[in-house]
Amino acid sequence: MAAKQGAATTTYSPKIIARTRPPIFKNSDLDWTRPDGRGFHQCRPALLQTGAVTSASGSAYAEFGNTKVIVSVFGPRESKKATSYSDVGRLNCNVSYTTFASPALGSQGTDHKEYSSMLHKALEGVIMMETFPKTTVDVFALVLESGGSDLPVVISCASLALADAGILMYDLITAVSVSCIGKSLMIDPVTEEEGCEDGSFMMTCMPSRSEITQLTITGEWTTPNINEAMQLCVDACSKLGDIMRDCLKQAASASDE
């Protein structure tokens, strides 16, 4: 595995929301610190790099704190399945974990069918499928290390890999998640926070078009908390989109030299 392009390391956080209602944090909550020392509304530093797998049509590597993901894209190539002619292409997505990604997995890696399905749903609406009829694009995401917020990192990294492969898209896809623990909202949660959360919130969007493409909510949420989580995710997705575009620009500049 070799890197052919430059990497971009950047931090991003949503702006502080002006409150028109009582604060959601109690004094005891404010004294509590996150495992990695971040503020409740502060995202982890992001390292993004394209061209991580030279044998693929396109690829990307993403490192958000301790979460490390690599995505390879192959195609468009002729569909192996004998199907009738279709005016649109076919998208296959697979998310898997290495044997050393997480202690919870033990000594065996695993395919994650739920994440594979959610990755497919996140990407199918942004790819211009009509540009490669009767062919297939395969997206393989491998979680090298699981440090929390794995799926949002996988989705964002896959979008970057598709762009590196030259697959036509309406926009990049960015994804951010928020955990609700008690009355506290924590953006970009780590594994320890996900393990004790009362609810999780994940948003994927096309930042340049200001369109939300996927919204996943689990657990117990109040309406004010949902509204605040949406504002946090929209702003963070927009800033992450800027970082991803800068990464692609740096890669293009490096290839021209």
Side-chain angles (χ1 to χ4, degrees), residues 1-15 38 42-75 93 95 119 122-123 125-128 137-177 187-188 202-211 213-214 232-257:
M1 182 174 68
K4 64 180 179 181
Q5 308 291 0
T9 308
T10 318
T11 58
Y12 67 104
S13 297
K15 59 187 176 183
R38 287 180 291 141
Q42 183 180 1
C43 297
R44 293 172 294 180
L47 172 81
L48 300 174
Q49 179 181 334
T50 58
V53 181
T54 56
S55 60
S57 304
S59 60
Y61 171 79
E63 184 175 316
F64 288 59
N66 290 330
T67 302
K68 301 175 178 65
V69 174
I70 191 165
V71 178
S72 302
V73 174
F74 297 89
C93 296
V95 178
L119 175 61
L123 297 178
V126 73
I127 299 175
M128 298 182 183
V137 170
D138 297 307
V139 179
F140 297 100
L142 180 63
V143 180
L144 302 173
E145 185 174 348
S146 174
S149 301
D150 296 347
L151 183 57
V153 176
V154 165
I155 292 172
S156 300
C157 187
S159 174
L160 201 62
L162 286 166
D164 184 55
I167 304 298
L168 294 180
M169 299 183 288
Y170 296 105
D171 191 9
L172 291 170
I173 281 285
T174 58
V176 177
S177 63
I187 197 166
D188 195 18
M202 188 191 74
M203 174 188 292
T204 65
C205 72
M206 293 187 281
S208 297
R209 299 164 66 98
S210 299
E211 293 183 15
T213 60
Q214 192 175 27
L232 288 170
C233 287
V234 166
D235 194 62
C237 281
S238 176
K239 293 181 178 180
L240 179 56
D242 292 337
I243 296 172
M244 292 168 63
R245 279 188 289 271
D246 287 342
C247 176
L248 291 172
K249 290 177 182 177
Q250 292 177 16
S253 299
S255 62
D256 291 338
E257 292 179 356

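- Residues P207 and R245 are in side-chain contact: their nearest non-hydrogen atoms beyond the backbone lie under 4.5 Å apart.
- Ion pairing of D242 with K239 is absent here, as no side-chain N (NZ or NE/NH1/NH2) approaches a carboxylate O to less than 4.0 Å.
- By the 4.5 Å heavy-atom criterion applied to side chains, V69 and T67 are counted as neighbours.
- The nearest pair of heavy atoms linking R44 to V153 is NH2-CG2, 4.1 Å.
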Practice item. Would you sort out whether C205 and V234 count as a side-chain contact (heavy atoms from CB on, under 4.5 Å), showing the intermediate values? Key: CA-CA 8 Å; C205 72; V234 166; 5.9 Å; no
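- Here Q49 contributes atom CD and L160 contributes atom CG; the two are 10.0 Å apart, rounded to the nearest 0.5 Å.
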Practice item. Determine, step by step, whether D150 and F64 satisfy the side-chain contact (heavy atoms from CB on, under 4.5 Å) criterion, reporting the C-alpha distance in whole Å, the side-chain angles of both residues, the deciding distance to 0.1 Å, and the verdict. Key: CA-CA 9 Å; D150 296 347; F64 288 59; over 6 Å; no
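- Considering all non-hydrogen atoms of both residues, C237 and M203 come closest at SG-O, 4.0 Å.
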Check your understanding: Can you check side-chain contact (heavy atoms from CB on, under 4.5 Å) on M202 and V176, steps first, answer last?
Key -> CA-CA 6 Å; M202 188 191 74; V176 177; over 6 Å; no
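- Annotation: side chain of C93 is in contact with side chain of L123 (closest heavy-atom distance under 4.5 Å).
- With a 4.5 Å cut-off on side-chain heavy atoms, L162 and V137 count as touching.
- The shortest heavy-atom contact between I187 and A236 is CD1-CB, 3.7 Å.
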